[in-house]
Amino acid sequence: MTAEERNRRMKYGHDVPRWWIADVHQPAESDVSQDRRGAAAASASETSEIHDYRVFKQRRRQLLQREQSRRLNRGLRNLQKGIALLIVIVAFLVGGLPGLAVGAFSGLALIAWRFEL
């Protein structure tokens, strides 16, 4: 058993793959690479903010479109109910009780047919 295996068993209680263990003993990086990394992080944060803003605008636009379609669908359902009621009333006035039955059937068929926009 090597020292590395022994240390892994002591730390985790069983033998684990090497890639599970974080590399703690890495040499320090030079100041130049840290400056580059800092500049890259600053530009990355700016681009990520722009990306976040675009995603926010897109989701906002989607939510507004969904809300508008909900309102329109609700209006269409109310219109369907009104037309179905009008069909029932007209059919009753024209045909009496058999007309009421036909009008009720056609009104219910109209209400059952869903329009989605």
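Computed over heavy atoms, backbone and side chain alike; hydrogens, waters and symmetry mates excluded. All figures in this text were calculated on a predicted structure; none of them were measured in a lab.
Residues V88 and F92 fall within the same hydrophobic cluster, defined by Ile, Leu, Val, Met, Phe, Trp and Tyr side chains chained together at heavy-atom separations under 4.5 Å. Placement of L86 and I111 in two distinct hydrophobic clusters is found when ILVMFWY residues are connected by side-chain heavy-atom separations under 4.5 Å, directly or transitively. Transitive grouping of hydrophobic side chains (ILVMFWY, heavy atoms separated by less than 4.5 Å) keeps W113 and L108 in distinct clusters.
Side-chain contact between Q62 and Q58: present, with at least one pair of heavy atoms (C-beta onward) separated by less than 4.5 Å. A heavy-atom distance below 4.5 Å is found between the side chains of N78 and R74. Counting heavy atoms from C-beta on, the side chains of Q68 and L72 never come closer than 4.5 Å.
Contact detail for G95 and P98: the closest heavy-atom pair is O-CD, 3.4 Å. Taking both residues in full, the closest heavy atoms of G107 and A84 are given as O-CB, 3.4 Å, listed atom of the first, atom of the second, then distance. Between G99 and A91, the closest heavy-atom pair is O-CB, 3.0 Å.
Considering I83, L85, I89, V90 in turn, I83 is the only one that fulfils the side chain to side chain contact (heavy atoms under 4.5 Å, CB included) rule with I87.
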For L63 and E67, what are the C-alpha separation, side-chain angles and deciding distance, and is it a side chain to side chain contact (heavy atoms under 4.5 Å, CB included)? CA-CA 6 Å; L63 286 174; E67 183 63 30; over 6 Å; no

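For the atom pair NZ (K81) and CG (L79), the distance works out to 11.5 Å, reported to the nearest 0.5 Å.
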